[in-house]
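First the structure, in the form of structure tokens, and then the observations on it.
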Protein chains: 2
Amino acid sequence: MTVTDRVPMSVRACSQLDRQRHARPQGRDRYTISEVVDYTGLSAHTLRWYERIGLMPHVDRSHTGQRRYTDKDLDWLDLVGKLRLTGMPVADMVRYAQLVREGDHTFAEREHLLSAHREDVRRRIAELHSTLDVLDFKIDIYAAHRRASEGVLSI
Amino acid sequence: MTVTDRVPMSVRACSQLDRQRHARPQGRDRYTISEVVDYTGLSAHTLRWYERIGLMPHVDRSHTGQRRYTDKDLDWLDLVGKLRLTGMPVADMVRYAQLVREGDHTFAEREHLLSAHREDVRRRIAELHSTLDVLDFKIDIYAAHRRASEGVLSI
DNA sequence: TAGAGACTTGGAGTGCACTCCAGGCAAGCG
DNA sequence: CGCTTGCCTGGAGTGCACTCCAAGTCTCTA
């Protein structure tokens, strides 16, 4: 019985318009953190934090210790972004990342985790639709009032 | 570029099953806080907090100072619950409550606020659908692997 | 080779939406 | 009359997901 299911504002704000505002720089396979920032829209802080909490599958480093992300990392961040959009708790994503690291014998549990989440997403879609009905109803009332006061109905 | 769009776990957990686990006690029109807790699924803490932040349209009191909610209050809490399900920030709901208190001359702004939110909800539904596609894809892979290892395809 | 700008770290801070606590009042019951 | 139960208050605490800071290192351009 508690809170917690967020979809970052940032995500909502950016989702359609600046999606892929920077296409993936093809084929280099060793991206700096700021390139990944441009690509994903996440902040560098957040990327480092993801790593700290175990949400990234071991990011490579340059000889001086700077992060170098691969195409595989970007693919992973795409998936994480999708899951995040649906409000999957970070803890669940970390669990999934853990399973991926553990190897093929965790396939069953991964499937189960994703299936459960899919059910959740379906339920949420249904909830949102039912809210849309309420919004439509309310908005219709206000719109009717506005049209009336604008004189459209006063002929 | 920041967080914040929550749908309480509580809400998601309760939404289908124990919806209306306690039907509205008809016609009394003076409900105690614990009756409202049963009806809405919100905690008493949360109900008092809603009032404190201006999300409730002035709740009546008994002669000893205890809250007495009306049917109108329950209707309002239903709407708030719907908006909350969609992850509308509490600040926005407070703004809406304010407009309602201010009277009919705020109809236009209320319509605008709800319309903007409706767009938001529609966008979120679309996002969720696109995530469903990704989940389906992933789950198919795991399921195919499982079937293969179960020998279904080894004939 | 100097300076700007990008990168590193651990840990502290932020904002949201609750959630709980201490201390106290009021009503009903044996 | 004492006891339990339900309610009241302001303010502090919680959990999540970031977000920022300080202080230092590295890299690139002029």
Side-chain angles (χ1 to χ4, degrees), chain A residues 1-14 22 30-56 59-69 77 80-81 83-95 97, chain B residues 1-14 30-56 59-69 77 80-81 83-97:
Chain A
M1 277 289 184
T2 307
V3 194
T4 13
D5 212 292
R6 321 181 166 197
V7 177
M9 285 260 172
S10 51
V11 170
R12 281 163 67 196
C14 302
H22 284 273
R30 277 182 79 77
Y31 312 111
T32 66
I33 200 165
S34 61
E35 286 171 318
V36 179
V37 164
D38 285 347
Y39 176 64
T40 61
L42 297 167
S43 74
H45 297 301
T46 301
L47 287 168
R48 295 192 196 102
W49 178 68
Y50 277 4
E51 207 175 321
R52 222 165 25 191
I53 64 175
L55 187 47
M56 291 300 298
V59 177
D60 208 22
R61 298 298 177 113
S62 74
H63 68 106
T64 57
Q66 298 195 351
R67 288 172 182 79
R68 292 296 178 260
Y69 293 84
L77 285 169
V80 166
L83 296 178
R84 196 173 62 123
L85 267 178
T86 63
M88 180 187 268
V90 168
D92 289 5
M93 295 195 277
V94 169
R95 174 84 189 120
Chain B
M1 277 295 184
T2 306
V3 194
T4 10
D5 212 290
R6 322 183 166 197
V7 177
M9 285 263 173
S10 51
V11 170
R12 282 163 66 195
C14 302
R30 279 180 77 76
Y31 312 111
T32 65
I33 199 165
S34 60
E35 286 171 317
V36 179
V37 164
D38 284 347
Y39 176 64
T40 61
L42 296 167
S43 73
H45 296 300
T46 301
L47 287 167
R48 295 193 197 102
W49 179 67
Y50 276 4
E51 207 174 323
R52 220 161 31 188
I53 64 175
L55 187 47
M56 290 299 298
V59 177
D60 208 22
R61 299 296 178 114
S62 74
H63 68 104
T64 56
Q66 298 195 351
R67 287 172 182 78
R68 291 294 177 262
Y69 293 85
L77 285 169
V80 165
L83 296 179
R84 195 174 62 123
L85 267 177
T86 64
M88 182 187 266
V90 168
D92 289 5
M93 296 196 276
V94 169
R95 174 84 190 123
Y96 184 73

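Throughout, a chain's letter reflects where its sequence line sits, starting with A, and its residues are numbered from 1.
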Base, sugar-phosphate, or nothing for B/Thr32, non-hydrogen atoms under 4.0 angstrom?
sugar-phosphate

Carefully, step by step, assess A/Glu35 and A/Asp38 under the rule side-chain contact (heavy atoms from CB on, under 4.5 Å).
CA-CA 5 Å; A/Glu35 286 171 318; A/Asp38 285 347; 5.7 Å; no

State which residues pass side chain to side chain donor-acceptor pair (under 3.5 Å) with B/Tyr69; sequence neighbours excluded, sorted by chain then number.
none

Assign each of A/His63 and A/Thr46 the nucleotide of DNA chain D bearing its closest heavy atom; nearer the 5' end lies the nucleotide of A/Thr46

Applying a 4.0 Å non-hydrogen cut-off, can you work out what A/Arg61 is touching in the nucleic acid: base, sugar-phosphate, or nothing?
sugar-phosphate

Here the distance between atom P of C/dT8 and atom CG of A/Asp60, to the nearest Å, is 12 Å

Please name all residues satisfying side chain to side chain contact (heavy atoms under 4.5 Å, CB included) with B/Ser62, sequence neighbours left out, ordered by chain then number.
B/Arg30, B/Thr64, B/Gln66, B/Arg68

Output yes when at least one side-chain N/O atom of A/Tyr50 is less than 4.0 Å from OP1 or OP2 of D/dA17, else no.
no

For B/Ser34 and for A/Arg68, locate the closest nucleotide of DNA chain D by heavy-atom distance; then report the residue assigned to the nucleotide nearer the 5' terminus.
B/Ser34

Between C/dA27 and B/Thr64, is there an OP1 or OP2 to side-chain N/O distance shorter than 4.0 Å?
no

With sequence neighbours left out, write down each residue that passes salt bridge (charged side-chain N to carboxylate O under 4.0 Å, His left out) with A/Arg48, or none if nothing qualifies.
none

Round to a whole Å and report the spacing from CG of B/Leu85 to P of C/dA17.
14 Å

Checking contacts here: which listed nucleotide (D/dC18, D/dC7, C/dC7) is nearest the side-chain heavy atoms of A/Ile33?
C/dC7

Rounded to the nearest 0.5 Å, what's the gap from CG on B/Leu83 to OH on B/Tyr96? Could you check?
8.0 Å

What pairs with A/Asp92 under side chain to side chain donor-acceptor pair (under 3.5 Å), at least two apart in sequence or on another chain?
none

When the distance from CG of B/Leu42 to P of C/dC18 is rounded to whole Å, what number comes out?
8 Å

Can you name the residues that form a side chain to side chain donor-acceptor pair (under 3.5 Å) with B/Arg67, not counting sequence neighbours?
B/Glu51

Whole-Å distance, B/Asp92 CG to C/dC16 P, equals 11 Å

Check: protein-nucleotides 20-25 of chain C nitrogen or oxygen pairs below 3.5 Å:
none

For B/Glu51 and C/dC18, give me the distance from atom CD to atom C1', rounded to whole Å.
16 Å

side-chain N/O B/Arg67 vs D/dT9 OP1/OP2, d < 4.0 Å:
yes

